[in-house]
Each structure stands twice: as C-alpha cells, then as structure tokens.
Amino acid sequence: MTNVLTRRGFLTATAALAATTALPRIGRAQESSRQLTVATRTIEVNGKAASVHGIAGPGGRQGLILDPGERFKLTLENTLDVETIVHWHGQIPPNIQDGVPDLPRPKLVPGETRDYDFEPLAGTHWMHSHVPTQEMNLLAAPLIVRSTEDVIEDRQEVVMFLHDFSFKDPQAVLDEITQGAGHADMDHGSSVATPQGSMQMDHGDMGMGQMNMSDMANMSTMAMDLNDFNFDAYLTNDRTLDDPEVVRVERGGRVKLRIINASSATTFWIDTGIGGRLVAVDGHRISPLNGNRFGLAMGQRLDIDLDLPSETRTFPILALREGERERTGLMLAPAGAAVSKMSDLGETSSPAFDIDLSQEGRFRAINPLSDREVSNSQMIMLDGSMSPYVWTIDGRGWGEHRPITAKSGERVELMFHNMSMMGHPMHLHGHAFQVVGLNARRVSGAVRDTVYVPPMANVTIAMDAGEAARWMLHCHHMPHLSTGMMTEFRVQA
C-alpha cells in the first residue's frame, strides 16, 4: 500500500485511490527529471475488463503532481504500437513543446522518447493526446501543479478525473455519431430541464434568426441538442458508482476537490451534497462562491473547498450528466463510516448546463488582466448541425480554415458567436484569457483556458497575444473537433 500524507496522516483506502485522489500534502525532495509513459492498461468497467490507454507517472500512477516551484522537466515515452502526442492542457509551454501533431513537431513514433522543460502554471490542469480517438480511449491524466498557498492552506487534496467510456472502438463511436446513429435513438420530442423550466425539444421550423439568450429563455419550443451519444459508462478516476473510489477523510476534515472534466463529449454538474466554496476554475483563482452544485464542460476544471461535518457518515461527491439521469462520483468516508452502493442513475434528469450563462456570470477573477487598450477585436462564428454532422469555425473546417491573426504582445478580444444548437467548450492553446463579455454584458470574469459558449450565445474573451507561433483554437467536444471545429490563432512577431 502506498502511504499518502494528509493533514493528520490518514491513508487512502487502497493504493489505487492514492494514485489519483489523495495528493501529497507536503513537499519532497525534487527530482532532476520526471518520466511519463504513454501505455496501454486494463481497467474494469461494470464488471468487464477494458483495454484503454493512459499516461503513467512516477511509480506507475496515472498523471503527475508537481511540488511548489518545481519545473515541468520530464521525458515522455511512447510505448504504444501507434504514433501519439501529448498536450499539456492549461499550461503555456514554448510552442515547440505544446503537443499538437505537426505544429510544429510530429507525433512520437512507437518507442520514441521526447524531453520537455518549462516553467509550469500552478493549479488543476491535465494532459491528453491531441488525437481525438486516443483521448476518447482515456489517453489522458491529471496534471496538478501545487502552489505555496496550497501547502499553507493544508487541505486534503482529492482529484476527480471525469470521463465518458464506451466498450466500442473510439473510431466506431465517431462513425456512429457522425453518421447519425449515435443520436438516432435519443428522444428529441421530450422536454429537457433548464434553469428557466421545461424546454421542449423540437426539430421542426425554428426560425431562430439572430435571437439573443433572453429570447431563447422565453421560447416554448427549442431544438437544442445536449448530447449526441449514449456512452456505456461515466467514470470518476476510472471507476463507476458500481465500484466507486472511497477516499478516507477525517471527521470534520478540510478537503480541496480538484475536478477535471476529461470526457470526450459530456458536460457534468458536480453535486457535493453538503455545500462548498468554488475557489478556482481552469487552475485560476476566483472570488469564492458558495454552493453545492457547479457545472463544467469538456476540458474545464473546478477547485471546490469542502469543510466536512463532524459526522461518521459517507459523503458522496457526484458528477451528473447534463440533461440525463446518468451519474458517476466518489465517496469521502471518515473511519468507521459505512459505504453503501449508489445507483448510477439518479431519480430525475439534470438540467441543461448554463444556457443563460448565469454560472459564468458569477465568476470574478482574483488576478484579472491589467487595463489596456484593445487593439485587435474579432468575431468568431461557431456553427454546425447534427445532420449532416459538420461543425465549423467561421464557416470552415480544419484544412480550409482561415487563421485568426494577432501580433505578439497586443491586447486581443475575441467574441465567440454560437449560431448552432449545441454548446461548444472553446479551448485556446498557449494562452490564459479572461472572460470579459457575456452576450451584451461586459464583465470582469474568470481567467480561463476553456470557455463554454451555449447555443445562440455570445462570449467575449481578452488576452495579451503570446509567443509568435501557430496556436490551436478548437472546440473540446471530440466529435466536433474531429469533424473540423478547429482553427489556429496565428501570432506574428
């Protein structure tokens, strides 16, 4: 069993728990270089063995934890029988180390190793293949960079790494989705719960035109698509609620949940059941928000501080699939607490995620961008449809894209205008940006690297253009990305 230090020396339930959930609470001697290995592994899902990919760090554990002040200095080895490449999501490395195929470096061939060395950003981040079918096959892992404040705060750190999973080959899943079979059995005539009430799904004559979100909230019929594939399982740290992780905590303990949505096509609501404080999004601190339910789209992260009640009972932390009854999660259990099984189906469907941008509108950055004149302002059109299954940026797919250009150092604002009936989590490589506009309202919102743009909505982000290079800008919904919803943010010297 692996010993993991918590505030009073508790151990996690098993070595498997220690691998991904209970993080070291104190610094240790730094290593000159780390080793990460991309490999095939076997997990158990609903009682069946499944062969998936993974990224093993020190000791064979999935993922990587860096101590305060430690450099991102490591060697990555590809032990798969196919080429691969890893992107460090949330980090701002030199462009040559960013991890996108052929931009600028090619994928690693089987058996190849590659060195990385840069100063990392502290916070809750993750790493994943930038080949969509590989990311769908769980080639992804947590990347946690602890700060001095984390050590001083002295909370037990627990990671929730969320994913959707199918026993089918990922390419077969993509084929089903893109050819229509993946969503053909979904009931588009049923209502979907939203913050405004019940919304009827209707694919008839919509007349959406140039509606804003206020118009949208007041409509009685919609054609909003929340999900386009029913996966076989929804995982937290490779496990379902049929056999969840049980993390040993103190009675009345202090916990920091580091939640990462690594799923390929699923948005989740996090339900703590006991309340908490949301203190960071995408690794960047925000003014704390109290609550017991917060949502996150694909690629996004949440840090939630919990102060547990002084009771000997188990505290389920659940991730609820947007618009459906499926759920996953883990259990926080003090010594002596009974752990009961929970169904992977809730009693009711969860609501659609943030279609009115009410959650995003509550976020305020602790460290916002400095005030500067905007010298480059552009609108980016997001569009697409379920049939034919084609998704575009500015009316073009990857390979026919028109780059978004900027000069290094200038203040840039990009407005994402979503003209489609699906939401899009838009991720920009090589930059952290601040959310500064939600529909017609200016805000001093969160600093992020992935922002969710609901159907028929506008979201504006601001940043200072970084290294002169070609940086990817894309939707983090893997079927959308794989069918063309990607462009480049081309920064010139």
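Atom set for the values below is all heavy atoms of this structure, side chains included, hydrogens, waters and symmetry mates excluded.
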So, the side chain of [X] versus the backbone of [Y]: is there a donor-acceptor pair under 3.5 Å, distance only?
X	Y	result
Asp150	Asp154	no
Asp225	Asn227	no
Asn439	Asn458	yes
Gln300	Ala297	yes
Asp307	Arg254	no
Thr483	His480	yes
Thr236	Gly329	yes
Asp175	Gln179	no
Arg258	Gly283	no

What pairs of residues pass the ring-ring contact (aromatic ring centres under 6.0 Å, His included) test when at least one of them lies in residues 286-320, not counting sequence neighbours?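 Sorted pair list comes back empty.
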Name all pairs fulfilling the ring-ring contact (aromatic ring centres under 6.0 Å, His included) condition that reach into residues 427-454, sequence neighbours left out, sorted by first residue then second.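 Qualifying pairs, neighbours excluded: His87-His427, His87-His429, His89-His427, His130-His429, Phe353-Tyr452, His427-His429, His427-His474, His427-His476, His429-His474, His431-Trp471, His431-Phe489.
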Contacts of type side chain to side chain donor-acceptor pair (under 3.5 Å), residue Thr392, not counting sequence neighbours: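 Result, side chain to side chain donor-acceptor pair (under 3.5 Å) vs Thr392: none returned.
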For Thr267, check side chain to side chain donor-acceptor pair (under 3.5 Å) against everything at least two apart and list the hits.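 Applying side chain to side chain donor-acceptor pair (under 3.5 Å) to Thr267 gives none.
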Between His424 and His477, is a side-chain hydrogen bond (donor to acceptor under 3.5 Å, both in side chains) present by the stated rule, with each step listed? CA-CA 7 Å; His424 302 292; His477 185 296; over 6 Å; no
Would Ser444 and Gln434 count as a side-chain hydrogen bond (donor to acceptor under 3.5 Å, both in side chains) if you check the C-alpha gap in whole Å, the side-chain angles of each, and the deciding distance to 0.1 Å? CA-CA 8 Å; Ser444 180; Gln434 185 176 8; 3.2 Å; yes
Residues two or more places apart in sequence or in another chain: which of them pass side-chain contact (heavy atoms from CB on, under 4.5 Å) with [X]?
X	answer
Met381	Met379, Asp394, His417, Met419
Ala122	Val145, Ser147
Asn137	Val52, His53, Pro170

Could you give the side-chain donor-acceptor pairs of residues 360-368 under 3.5 Å, partners two or more places apart or in another chain?
{"unit_1": "Glu360", "atom_1": "OE1", "unit_2": "Arg448", "atom_2": "NE", "d": "3.4"}
{"unit_1": "Glu360", "atom_1": "OE1", "unit_2": "Arg448", "atom_2": "NH2", "d": "3.2"}
{"unit_1": "Glu360", "atom_1": "OE2", "unit_2": "Arg448", "atom_2": "NE", "d": "3.0"}
{"unit_1": "Arg364", "atom_1": "NH1", "unit_2": "Gly361", "atom_2": "O", "d": "3.0"}
{"unit_1": "Arg364", "atom_1": "NH2", "unit_2": "Gly361", "atom_2": "O", "d": "3.4"}

Less than 4.5 Å apart, side chain to side chain, heavy atoms only: is that true for [X] and [Y]?
X	Y	value
Leu308	Ile274	yes
Arg321	Tyr234	yes
Leu36	Met127	yes

Under the side-chain hydrogen bond (donor to acceptor under 3.5 Å, both in side chains) definition, can you give me all pairs with a residue in residues 308-317, not counting sequence neighbours?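 Residue pairs with at least one partner in residues 308-317: Glu311-Arg313.
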Give a yes or no on whether a salt bridge exists between Arg146 and Glu157, defined as a side-chain N under 4.0 angstrom from a carboxylate O.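 Salt bridge present between Arg146 and Glu157.
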Pair Lys168 + Asp232, salt bridge at N-O below 4.0 Å: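 Here Lys168 does not pair with Asp232 in a salt bridge, since their nearest N and O are not under 4.0 Å apart.
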Partners of Arg301 by salt bridge (charged side-chain N to carboxylate O under 4.0 Å, His left out), sequence neighbours excluded?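 Listed in chain order: Asp282, Asp449.
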Who are the salt bridge (charged side-chain N to carboxylate O under 4.0 Å, His left out) partners of Arg293, not counting sequence neighbours?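 Once residues adjacent in sequence are excluded, the partners of Arg293 under the salt bridge (charged side-chain N to carboxylate O under 4.0 Å, His left out) criterion are Asp271.
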Assign the ring pair His163 / Phe161 to parallel, tilted or perpendicular, where the plane angle (0 to 90°) is split at 30° and 60°.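 His163 and Phe161: tilted rings.
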About how many Å separate CD of Glu245 and CG of Leu332, when rounded to the nearest 0.5 Å?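 Reported value, rounded in 0.5 Å steps: 10.5 Å.
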Whether the [X] and [Y] side chains hold a donor-acceptor pair (N or O, under 3.5 Å, no angle test) is what I'd like checked.
X	Y	result
Thr42	Ser51	no
Asp303	Thr124	yes
Asp354	Gln359	no

Only pairs at least two apart or in different chains count here, so list each salt bridge (charged side-chain N to carboxylate O under 4.0 Å, His left out) that has a residue in residues 418-447.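 Those involving residues 418-447 are Glu413-Arg442.
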Indicate the atoms forming the closest heavy-atom contact of Ala352 with Trp269, along with that distance.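 Minimum heavy-atom separation between Ala352 and Trp269: O-CZ2, 3.3 Å.
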Where do Pro142 and Val159 come nearest, in terms of heavy atoms and distance?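 Reported closest heavy-atom pair: CG-CG1, 4.0 Å.
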Please step through side-chain hydrogen bond (donor to acceptor under 3.5 Å, both in side chains) for the pair Thr240 and Asp242, ending with a clear verdict. CA-CA 5 Å; Thr240 64; Asp242 181 64; 4.9 Å; no
Any chance you could lay out the side-chain hydrogen bond (donor to acceptor under 3.5 Å, both in side chains) test for Thr84 and Gln134, step after step, and finish with the verdict? CA-CA 8 Å; Thr84 192; Gln134 294 179 359; 2.6 Å; yes
